[in-house]
There are 2 protein chains.
Amino acid sequence: MTSSIQQNTPVSLKNVVIDDGFWSQRQANNREHTLPAIKHQMEKTGRVDAWKLDYKQEQGKKDGHTSILAQPLSKVKPHIFWDSDAGKWIEAAAYSLTTHPDAELESYMDSFIDLIASAQQPDGYLNIFFTSVEPQNKFKNLRDWHEFYDAGHLTEAAVAYYEATGKRKLLDVMCRYIDYIDSMFGAEEGKIHGYDGHPEVELALVRLYHATGNQKYLNLSKYFIDERGQQPLFFDQEAIARGEDPKQYWAKTYRYCQAHIPVRQQDMATGHSVRAAYLYSGMADIAAETGDEELKQACLSIWDDLNQHHLYITGGLGPAHANEGFTVPYDLPNETAYAETCAAIALVFWAWRMFKLDPDSKYIDTMERALYNNVLSGVSHEGSHFFYANPLAAFPYITPHGNWSGIVAERDYRRSEWFDCACCPPNLARLVASVGGYIYSTDADTLYVHLYTANHADITVNNRSVKIAQQTEYPWQGQIRLQVDVDQPGRFRLGLRIPGWCRSYTLKVNGQAVTTAATKGYVLIDREWSSGDEIILALDMPVERVLPHPQIRHDVGNIALQRGPVVYCIEEVDNGDNLANVIIPPDARMITTFEPDLFDGVSVINIEGQRAVADWKGGLYQPESVQTITRTPAAIKAIPYAFWANRQPGEMRVWIREN
Amino acid sequence: MTSSIQQNTPVSLKNVVIDDGFWSQRQANNREHTLPAIKHQMEKTGRVDAWKLDYKQEQGKKDGHTSILAQPLSKVKPHIFWDSDAGKWIEAAAYSLTTHPDAELESYMDSFIDLIASAQQPDGYLNIFFTSVEPQNKFKNLRDWHEFYDAGHLTEAAVAYYEATGKRKLLDVMCRYIDYIDSMFGAEEGKIHGYDGHPEVELALVRLYHATGNQKYLNLSKYFIDERGQQPLFFDQEAIARGEDPKQYWAKTYRYCQAHIPVRQQDMATGHSVRAAYLYSGMADIAAETGDEELKQACLSIWDDLNQHHLYITGGLGPAHANEGFTVPYDLPNETAYAETCAAIALVFWAWRMFKLDPDSKYIDTMERALYNNVLSGVSHEGSHFFYANPLAAFPYITPHGNWSGIVAERDYRRSEWFDCACCPPNLARLVASVGGYIYSTDADTLYVHLYTANHADITVNNRSVKIAQQTEYPWQGQIRLQVDVDQPGRFRLGLRIPGWCRSYTLKVNGQAVTTAATKGYVLIDREWSSGDEIILALDMPVERVLPHPQIRHDVGNIALQRGPVVYCIEEVDNGDNLANVIIPPDARMITTFEPDLFDGVSVINIEGQRAVADWKGGLYQPESVQTITRTPAAIKAIPYAFWANRQPGEMRVWIREN
């Protein structure tokens, strides 16, 4: 055995049963509320019927070229994103079926897949919008129109459904469509030297390669990644072919879609944040699959830039509404944070692939930060309402987009049942349903434990079958009990992640202290294991007062509260309004309490804080020579950020004044 | 003589010569740079030639209904606002001619007025856009298309030019046009019961009434004000007549144009801030002219709401880009402050009229706050570049509108030479050129001094001719010397404003202390005056540390520095970047110094402040248990806010951390 960590293989969620605790509850809500809510909205908005291609039959060629934004005459006109909604929803259902078989759901999905298959064109092409509405515009504007993005999500759905059920129908459909795309796009003469403005198909193709073993799909993914940003720029050529001036690009710069320079020259997180994180996921995949060092270096540089300059404490990314993406280092506004749910989800995907490329728990630290905070804030605690943007401070009258209609009552920022651009809800559903797939991985001789949550799993490591069971109240408690069960005693390594947030811990195997130092964030326990071996990992989990980097101008002078991976916030419903006047001085006493009846049970922090108070002399401004502000003790209650906005609307803050 | 203050009459700028000091320099820059810069842009952009109505001749009826946004085929298509740009420019030139005769400028203006007059239609109608481009749409969409707004500005120009030169040509043109409007709009059956979406004509009509003595113009103004917001709502009716659904109004609410309810029921500053302040100016005019108590009460309530809830410390108003206007109480973001230059200018107009309606120096306090801060920040110190939005904090890569293209270098926020919607530059020019008209006013027996700046004036009060001369370095020094000159000794009152910012002062007449308490902010010196009488008013002018109202969430924990009426800011060019880490603790020593070579001479504040510093351990977030932030003494320099962004671009802050 080596002392290092080798390239890992994730343990499939098929092998992991989450049966208790935090994620068990999240998955139950996801199954019982989120998936049905999405199903309802998919049907209600026409996203299921659209696969019948009725719009085409109704409209025929009557209206010729129809603007994407124009109203249809009768049937609901499909939108260019709708295929991706279907894909993510099927993928989410597939994961749910993997861990919780449901004949009714499976039967429904089979029928839906039949409908999708029926929409495939004789040549293999498959896209609702461009088949029904603008057939003349197929593959004419990859920059803006998301055709491969749609194909990518349907491909992921096909792989997931195949892995969940063994049913190949959608997989075969997507292989045909991808084969068609492969026949049209590529380096060869006569093919289009292009790629999509919204990356996603790149990572999907790697999954398709793994599911089918067909190297062609890996090659196509690599082609899209290699070609991106090469001169002459495809999006320029494509615009000219449409008779447009490329300089009139609405997003102004190809940074928006990470296509301004070749990806191996990129070293900064830039542009639209969901596009970015999907692309970087695909890059990490290809670098891991091919051993491409230059591509790996680009991934490492961009990762470093994200983590050093652009990441909210909640794991959110992309602060700006204008480009739904990145701006400049340390620009992390709170009230207007865009921090799209999909971007944090995409970050989970990317982080997981970075770990595969460069095994180090720092990637899992970021993944965990996103997962417990910005991802979960994207859904209401019971699972039926969704946030698109996830601001870190809220003032009830102003949306994070800064919109203002003058109508106060309409402007409370609450989660929505659905969105016209509905990318986030099914994205969230697929991640929550598949979280079991992010807990374990293996290399040749080691079983790694990345996430702590109650579960039991069957894993093959070092050619032996190992059962492992976790008992823990994580993230509310730092105590984790793992029990190993093997057919017969045998040697392998168990790698336990020590989270980056943890500054002290104890580890015992069968009561004996293990004092091995962690390697890249993992304590590697190399021993002969027998059934019944018990590991107790006790992570100290105090409330940490977190300071912002001195260049984050929005946060300096404030602290955030974090306990374990969970970032906290204060809400008006618990603390009254005017939260900018809440102060948590350095010596404030803080008591953590588990409240079983709050949102299915969460740990809250009760703080002996202060409030700045003033017998205000009137007007908006008073000189300090006549106006005094004093402090009064105030009981302050903080709740996990992910659970905010689940009670009455009001103010919220993550960053709280320290002075 | 009474002990109270009666309704006042302003002393015309014709009677006031500003010959030295702060406003003399501003007016010189206005004459030598701002007016020529506007002339250049007016010509260059086609705003002069447009009055030839060439666009009509070129386009004829070829393109039928042409969208306002469409590109013309050859000649530059005039915009619906262009008449107002011409109006404000002529008005600014007229004021400049009043105090600084310039035969060349006057000759140019005469020619321009000839051109404008030639564009008047046989029926009296006058508007470039609706004559040249969309004649079929005259008076079809008052809600959105600014026809009366244009008419109002041309009317103000006509009055100003007539008063400056005695030339009636434009005045006669505008009387004809207003007569035409009066024949079309009004309460009488058969007339349109309407008013404009962008108020302005209301105050202009009162000026026209004063210039001509024709009561009809006062009545028309009163009609527009009385009719506004009455049921059935005109903008609904008008939309229906155009075949539109009124509910599809792009601005969503008639609050945007203050037409949601009758004006006498309005008690809050709401909607688009420039529209608001122009409307409120007209309301104050009509209330003062007619003695309408209900209208006066509405003015008082709205004024109170503005000052209690919506005013930036710079005198800016309208924080939101989305509606260019008001949001909710205490919502005063700094980096994204819209705070349009025109809104602060309109506030000066409104405040001045409020004083007439309800003599009290509190109105002049607000007027002075706007004038020395948000108004003057609208123009570069030498006069050739302009701000539309006036944020109270700047981060060099992000515009106040939150725009972000991904192209860092383009995003420094600097003043512009011009704007497509060029309302601010000529508005600023007319106010700076006419500031002499805001210094003095009279009632039957009293001469009031509102603003302190070096000047001499000829004023009639109590039927006697009085010459008064001010010598002062205000706003840089609080010492003001006034000298009175009369034909023969006589009794009248001199009312000297004690600014609201001033907490102690001494006042002497011929060396004798005057200890009379101020009445509504004015010390009324009632005595027999002789030539050579000397008044020395010494206003204590320390640097004040100003606290924000505890509900201004963006500012709490910070202070602003104000000295006299001047609000200060800190800029990166003086203090390095990372201004959020600058701290001015309560006991910080502050020294004011006049720097004669900085921007034609300004007083700066040198502060023995601090900077929060950290040997930062890396990453964006560090727990307080491992990361220390300390303070180090730091020399900090603050400059007047109005003069920011005149050197290299960088960060700026008005509100500075106190802890």
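Lettering follows sequence order; numbering is per chain, from 1. Keep in mind it's a predicted model, so treat the numbers as computed, not measured.
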- Task: Kindly indicate, with the supporting measurements, whether the criterion salt bridge (charged side-chain N to carboxylate O under 4.0 Å, His left out) is fulfilled by B/Glu335 and A/Arg553.
- Result: CA-CA 11 Å; B/Glu335 263 186 36; A/Arg553 67 197 189 282; 2.5 Å; yes
- Item | Closest approach of B/Ile559 to A/Glu624 (non-hydrogen atoms, all atoms of both residues) | CG2-OE2, 3.6 Å
- Query: Quick one: of B/Arg503, B/Arg653, B/Gln562, B/His310, who has the most non-hydrogen atom pairs under 4.5 Å with chain A?
  - Reply: B/Arg503
- Below 4.5 Å from any heavy atom of chain A, which atoms of B/Ala612 appear? Answer side chain, backbone, both or neither. neither
- Task: Give, as side chain, backbone, both or neither, the part of A/Leu306 having an atom under 4.5 angstrom from any heavy atom of chain B.
- Result: backbone
- Message: Are the side chains of A/Leu547 and B/Ile629 in contact, using a 4.5 Å heavy-atom criterion?
- Response: yes
- Item | Validation row: B/Val546, A/Gln622 side chains within 4.5 angstrom (heavy atoms) | no
- Between A/Trp616 and B/Tyr330, does the ring centre distance come in under 6.0 Å? no
- Item | Exceeds 12 heavy-atom contacts within 6.0 angstrom, atom CG of A/Asp245 | yes
- Note on the structure: Closest non-hydrogen contact found for A/Arg631 with B/Asn659 is NH2-ND2, 4.1 Å
- Contact class of A/Gln308 relative to chain B, heavy atoms under 4.5 angstrom: both
- Query: Is any side-chain heavy atom of B/Pro623 less than 4.5 Å from a side-chain heavy atom of A/Arg545?
  - Reply: no
- chain A contact via B/Gln551 - side chain, backbone, both or neither, heavy atoms under 4.5 Å: both
- Message: Taking side chain as everything from C-beta outward and backbone as N, CA, C, O, which of these in A/Val626 sits under 4.5 Å from a heavy atom of chain B? Side chain, backbone, both or neither.
- Response: side chain
- Item | chain A contact via B/Leu332 - which portion, at a heavy-atom distance below 4.5 Å | side chain
- Closest non-hydrogen atom pair, B/Pro550 against A/Asn581: O-ND2, 2.7 Å
- Task: Name the region of B/Asn578, side chain, backbone, both or neither, that has any atom closer than 4.5 Å to a heavy atom of chain A.
- Result: side chain
- What part of B/Tyr256 lies closer than 4.5 angstrom to a heavy atom of chain A: side chain, backbone, both or neither? neither
- By a 4.5 Å heavy-atom criterion (distance strictly below it), what part of B/Glu651 contacts chain A: side chain, backbone, both, or neither? neither
- Message: Less than 4.5 Å to any heavy atom of chain A: does that hold for the side chain of B/Arg657, its backbone, both, or neither?
- Response: side chain
- Query: With a 4.5 angstrom heavy-atom cut-off, which part of B/Ile583 approaches chain A: side chain, backbone, both or neither?
  - Reply: neither
- Item | Pairs of heavy atoms under 4.5 Å with chain B: top-ranked of A/Gln627, A/Lys617, A/His309 | A/His309
- Considering all heavy atoms of both residues, which atom of A/Trp655 and which atom of B/Tyr621 are nearest to each other, and what is their separation? CZ2-CE2, 3.5 Å
- Item | Minimum-distance pair of heavy atoms, taken over all atoms of B/Gly619 and A/His549 | O-CD2, 3.4 Å
- Can you name the nearest heavy-atom pair linking B/Val328 to A/Phe395, along with the distance? CG2-CE2, 3.4 Å
- Item | Segment of B/Ile552 engaging chain A (4.5 angstrom heavy-atom cut-off) | side chain
- Check whether any side-chain heavy atom of A/Asn307 lies under 4.5 Å from a side-chain heavy atom of B/Leu620, and answer yes or no. no
- Portion of B/His260 that has a non-hydrogen atom of chain A nearer than 4.5 angstrom: neither
